[in-house]
Amino acid sequence: MDRPLVVELIGMVVGIGMTEQGVGKWLRRHGFSPQRSERRSYRQDQTKVDTWLTDEYPAIAERAKAEKSVVAWADQCGLRSDTAPTGRSWAPRGQTPLVRVNGRRFRVNIMSAIASRGALWFTVFTGTFDAGVFIRFPDRLARQAGRKVNVIADRHPVHRSKKVTAWLTGNSDRVELHLMPGYSPELNPDEILNADIKRHVHPARTRSADDLAHETRRLLHRRQQQPHITRGYFHARHVRYTTM
């Protein structure tokens with residue numbers, strides 16, 4: 001809550017007038033500090049989140065350990081040239097830097113998965129994310145891992161489609177899909193990789209979808225050679241439970 005709102009609230013509740021500076025001092029004195037707010041969907045079911053944290057995920061991890069299978073956290077995201085910020089740059093004070101951009105609209109999609117020991121798998125594509133795209137990804141993931149993979153993902157309609165369900169049934173010895181509670185992206189470490197991609201790839205500066213795909217693949221190939229960065233994703237506060 002901003003300090004002006006706190007000033008207004010204090011005046012409404014207790015009838016005392018305070019300055020913004022005075023409110024700031026009072027808040028700090030009582031252990032408060034200015035922080036960026038976190039976002040949560042009002043549709044999130046806390047009971048299902050608690051069940052996931054205390055029962056469902058620990059059971060998945062325990063079974064994977066017994067089977068000596070891989071636990072891979074998967075997600076998909078998109079990069080669009082017309083919505084991406086141009087990034088920050090240095091310039092003399094009072095002179096806003098100018099970045100020339102393409103002005104065209106194009107998009108690439110990324111499907112990725114990460115494991116707590118630092119492994120990273122990905123595919124970059126320009127088409128629609130559908131059941132065929134999703135099926136090919138865990139199929140390749142299991143082949144590259146050389147053992148069974150427990151894929152943990154959100155409840156995207158594609159993940160619950162009949163085509164995907166049928167494929168999983170026929171490949172249950174290689175791939176098992178586990179769906180997280182709805183509207184809970186903060187529980188997925190792969191979301192941190194998505195944020196990493198969006199922080200380092202600047203779609204507005206690329207000239208075409210092929211150029212954007214190339215820049216995205218280049219970053220992800222680099223991250224594959226930096227497993228310590230991928231392992232670091234799992235130490236963020238909301239996903240630390242995945243390593244316990």
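Because the structure is a prediction, the values reported are computed rather than measured.
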Determine whether Q76 and D154 satisfy the following criterion, side-chain contact (heavy atoms from CB on, under 4.5 Å), listing intermediate values before the conclusion. CA-CA 9 Å; Q76 59 281 337; D154 61 21; 3.8 Å; yes
Describe, in one word, how the ring planes of W73 and Y57 are oriented to each other, choosing from parallel (under 30°), tilted (30 to 60°) and perpendicular (over 60°).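 Tilted: the ring planes of W73 and Y57 meet at 30° to 60°.
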Quick check: closest heavy atoms across M111 and A74, and the distance to 0.1 Å?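 Closest heavy-atom pair between M111 and A74: CE-CB, 4.1 Å.
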State, to 0.1 Å, how close V149 and A72 come at their nearest heavy-atom pair, and which atoms those are.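 Scanning both residues completely, I find the closest heavy atoms to be CG1-CB, 3.9 Å.
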Please table the atom pairs, donor to acceptor, closer than 3.5 Å between any side-chain atom in residues 120-140 and protein atoms at least two apart or in another chain.
unit_1	atom_1	unit_2	atom_2	d
D130	OD1	G132	N	3.3
D130	OD1	V133	N	3.0
R136	NH1	G132	O	3.4
D139	OD1	R174	NH1	2.9
D139	OD1	R174	NH2	3.0
R140	NH2	F122	O	2.8

Taking side chain as C-beta onward, heavy atoms only, is [X] less than 4.5 Å from [Y]?
X	Y	result
L179	R160	yes
K148	E176	yes
E20	P4	yes
L219	H221	no
N188	I152	no
L193	L220	yes
V6	W26	no
H178	V151	no

Does M244 share a hydrophobic cluster with F234, counting links as ILVMFWY side-chain heavy atoms below 4.5 Å and allowing steps through other members?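 Each belongs to a different hydrophobic cluster.
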Would you sort out whether I60 and W52 count as a side-chain contact (heavy atoms from CB on, under 4.5 Å), showing the intermediate values? CA-CA 10 Å; I60 294 168; W52 171 262; 3.9 Å; yes
Keeping the roles fixed (side chain from [X], backbone from [Y]), state whether a donor-acceptor pair exists under 3.5 Å.
X	Y	result
D82	R105	no
R147	K68	yes
R104	R207	yes
Y241	T54	no

Quiz question: by atom type and distance under 3.5 Å, do the side chains of [X] and [Y] form a donor-acceptor pair?
X	Y	value
R223	Q226	yes
D196	H200	yes
Q44	S184	yes

Could you list the residues that satisfy side-chain hydrogen bond (donor to acceptor under 3.5 Å, both in side chains) with E67, not counting sequence neighbours?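 side-chain hydrogen bond (donor to acceptor under 3.5 Å, both in side chains) list for E67, sorted by chain: S69.
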From R237 atom CZ to E186 atom CD, the distance as rounded to the nearest 0.5 Å: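 Answer rounded to 0.5 Å: 10.0 Å.
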Show, in sequence, the C-alpha distance, side-chain angles and deciding distance for I114 and Y233, and conclude whether the side-chain contact (heavy atoms from CB on, under 4.5 Å) test is met. CA-CA 9 Å; I114 59 175; Y233 299 151; 3.9 Å; yes
Please test D45 against Y183 for side-chain contact (heavy atoms from CB on, under 4.5 Å), starting from the C-alpha separation and ending with a verdict. CA-CA 8 Å; D45 188 326; Y183 306 101; over 6 Å; no
